[in-house]
Amino acid sequence: MRKILVVDDNDINREILCQILNDEYEIFEAADGQEALDIMNKQHENISAVLLDLVMPVMNGYKVLEHMHADAFLSKIPVIVATGDDAEDAEMQALTLGAHDFIVKPYKPAIIKQRLRNTINFRETAAFVNAVERDELTGLYSKEFFYRKAESIIRDHEDQDYDIVCGDIERFKLVNELFGVKMGNQLLQNVAQALKTQMGEHGICGRIGSDLFACLIKRRSEYSSDTFSFITDSIDKLPITITINVSYGIYQIDDKTLPVSIMCDRALMACNSVKGIYDINYAFYDNKFMENLRAEQVIIDNMKSALTDRQFLVYYQPKYDLSIEKPAGAEALVRWIHPELGFMPPNDFIPLFERNGFITDLDIYVWDTACRDMSDWIKAGHQPIPISVNVSRADIYNPNLTVILLDLIKKYNLKPEYLHLEITETAYTESSAQLINIVNQLKALGFIIEMDDFGSGYSSLNMLAEISIDILKLDRGFIQNEMTNEKSKGILNFVVGLAKWLKLPIVAEGVETKEQLQTLKTLGCEYVQGYYYAKPMPKAEFEKHVWGE
Ligand code: C2E
Ligand code: CA
Ligand code: CA
């Protein structure tokens, strides 16, 4: 049964209304305006309508309407005002204050009932339509509605060419994480508002994912990175101290018969291709994206059999201890040698496996292989060196992670401190709470944790203090770019100093030249992994390299 609120200071009037309505509604009663507001504040989600007398002590009906109008929740409840029979002015005033309808005393039961039904019905339908049509947070069209609306616009304007433009806020989750959900919401609202203002009559916009926007606009002859500066401006207004990049993808509609959802997919594909590239913020969809998709499909079709057929090999790249200039560890890196496709570097398939989840299977295979090789070396009488394996972001979410790793070291009879786990820096910032928890568990079990790719993304200093890691691995891009001029050397100096202050040993990755090595030595960096000393190599070669067999 729907609930309504009857507000009248006259007990008899209230009683009459209750008699008329109690077979259809559950009724709350209030004898003055203040009491009515108190009930509404507690029950606003449950109340379908209010029947409001205008003349009352303590707080009259007009005041109640004013309060309701100013309140985001209460203004959604429809109000029917009860007036005397010759009260035209009063009715007018109540209607301007937001009342939806009025009934005249003395009450006519059938009319009251029908007016109440109509009002409630109208309000509920409108709320329903609104809810699916508009995204509540931003006021932009919701995904489904955007698709429908865009479809009808394209259909109705056969002679007009259109573009679909999609925008994706990079590292949006990080904003929520570091600055709170409220700030994240504000960011989305600012972007939405900027889009609405800019678009005006020229197109329509929708929010088609948590941080994804789509627009249908009349074909533009030109785009440049400045085309989207109005969005950057709207973000810069917020007190967010990290740089927020938005990437854009444009599909210039050449096939009007495609569903708009597919058009958006195409724009998003283009959008993804510029993610993380700092000087380009937009791209057009073209046929090469389809070819990439097909190439990916070939990989997907082959991946499972590749694992069972043992086409994946584990290579090892030594990490050198600079104080003795000898290998003190190694990183296990996967390679795929396909009978027809040939040798494939991990960057061709790892990002895809991270997206489709296959990485968890492959990683377990790599960990197992690394542990087996380590146990072979120990059996052969070598002084073992620790092997670092890569732990993907997806692995962190695997509830069996600790069990899998424990089973492995048991199976091969290894000490956990010989298995180092490299977790990439972005994982730390994207899923901090869960990660801290898992890392602490793994550490307690005796595994050594290395933060991989440090310096490649946004490193929260807070995070470094909060999470217990054992080793920092400086990102190779970082070393290679930072060494090119004096200012950059200063940054490198700072990061190494920071690690020392945190008492964390550093592995510098991607060291290729004597000059880079010298700089790192001067700074007091302990370990180096890079082509300067050795490239990743197959097991047998690695054994020769380290133990001279
Ligand atoms: P990563 O974890 O940062 O691994 C280091 C990468 O730097 C390796 O690339 C290595 O070959 C390369 N490298 C090392 N020294 C130098 C150097 O002096 N110069 C240059 N230019 N490069 C150097 P690789 O083997 O191609 O692997 C690329 C990425 O693929 C890895 O980056 C890692 O993120 C991922 N990956 C590789 N194997 C695995 C794996 O088994 N599991 C997972 N989850 N990811 C893996
Ligand atoms: Ca690594
Ligand atoms: Ca790395």
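Because the structure is predicted, anything quoted here is derived from the model rather than measured. Numbering of ligands and ligand atoms starts at 1, following listing order.
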*Is the side chain of K415 donor-acceptor paired with the backbone N or O of I409 at a distance under 3.5 Å, no angle test?*
no

*Which is it for V391 and ligand 1 at heavy atoms under 4.0 Å: side chain, backbone, both or neither?*
neither

*T424 and ligand 1 - part of the residue with a heavy-atom distance under 4.0 Å*: neither

*Which atoms of ligand 1 are found less than 4.0 Å from any heavy atom of V511?*
18 (O)

*Does the side chain of D168 come within less than 4.5 Å of K275's, by heavy atoms?*
yes

*Within a distance under 4.0 Å of any heavy atom of I359, pick out the atoms of ligand 1 and give their elements.*
44 (N)

*Which pair of non-hydrogen atoms, one from P345 and one from F343, has the smallest distance, and what is that distance?*
CD-O, 3.9 Å

_For N347, which part has a heavy atom under 4.0 Å from ligand 1: side chain, backbone, both, or neither?_
side chain

*Check: Y316/D373 side-chain N/O donor and acceptor closer than 3.5 Å*: yes

*Modelled atom types, side-chain donor and acceptor of S323 and D321, under 3.5 Å*: yes

*Contact check: Q529 vs ligand 1, nitrogen or oxygen atoms, below 3.5 angstrom*: no

*How many degrees, to 10°, between D452 OD2 and N390 OD1 as seen from the Ca ion (ligand 2)?*
90°

*Classify the contact between D363 and ligand 1 as side chain, backbone, both or neither, using a heavy-atom distance cut-off of under 4.0 Å.*
side chain

_Considering Q516, R393, E512, E509 one by one, which has a heavy atom nearer to atom 19 (N) of ligand 1 than any of the others?_
E512

_Any atom of ligand 1 sitting under 4.0 Å from a heavy atom of E354?_
no

_Q317 and ligand 1 - part of the residue with a heavy-atom distance under 4.0 Å_ = side chain

*May I ask you to decide whether K521 forms a salt bridge with E325, counting only side-chain N to carboxylate O separations under 4.0 Å?*
yes

*Any N or O of V334 closer than 3.5 Å to N or O of ligand 1*: yes

_Short side-chain to backbone donor-acceptor contact, D135 and T138, under 3.5 Å_ = yes

*Within the side chain of W367, is there an N or O that forms a donor-acceptor pair under 3.5 Å with the backbone of N390?*
yes

*asked:* Contact between ligand 1 and P345 is defined here as a heavy atom of the residue under 4.0 Å from a ligand atom; is it met?
replied: no

_Proximity to ligand 1 by part of P536, non-hydrogen separation under 4.0 Å_ = side chain

*Looking at D453, which atoms of ligand 1 are within less than 4.0 Å of one of its heavy atoms?*
3 (O)

*Any sub-3.5 Å donor-acceptor pair from E354's side-chain atoms to I359's backbone N or O?*
no

_Q186 side chain near K182 side chain, heavy-atom distance below 4.5 Å_ = no

*asked:* Need the atom name: nearest N/O/S atom of E331 to the Ca ion (ligand 2).
replied: OE2

*Does E331 have a non-hydrogen atom less than 4.0 Å from ligand 1?*
yes

_ring-ring contact (aromatic ring centres under 6.0 Å, His included), paired with Y248, selected from F213, F228, Y282, Y285_ = F228

*Per-atom contacts, ligand 1 versus D452 - under 4.0 Å to a heavy atom*: 2 (O)

*asked:* For N/O/S atoms only: which one belongs to E422 and is nearest the Ca ion (ligand 2)?
replied: OE1

*Which bit of V366 is near ligand 1, meaning a heavy atom under 4.0 Å away: side chain, backbone, both or neither?*
side chain

*Identify which of Y531, Y315, F349, Y365 has a heavy atom lying nearest to atom 23 (C) of ligand 1.*
Y531

*Parallel, tilted or perpendicular: which describes the rings of F312 and F353, with under 30° parallel and over 60° perpendicular?*
perpendicular

*Counting only N and O atoms by type, is there a donor-acceptor contact under 3.5 Å from the side chain of D286 to the main-chain atoms of K288?*
yes

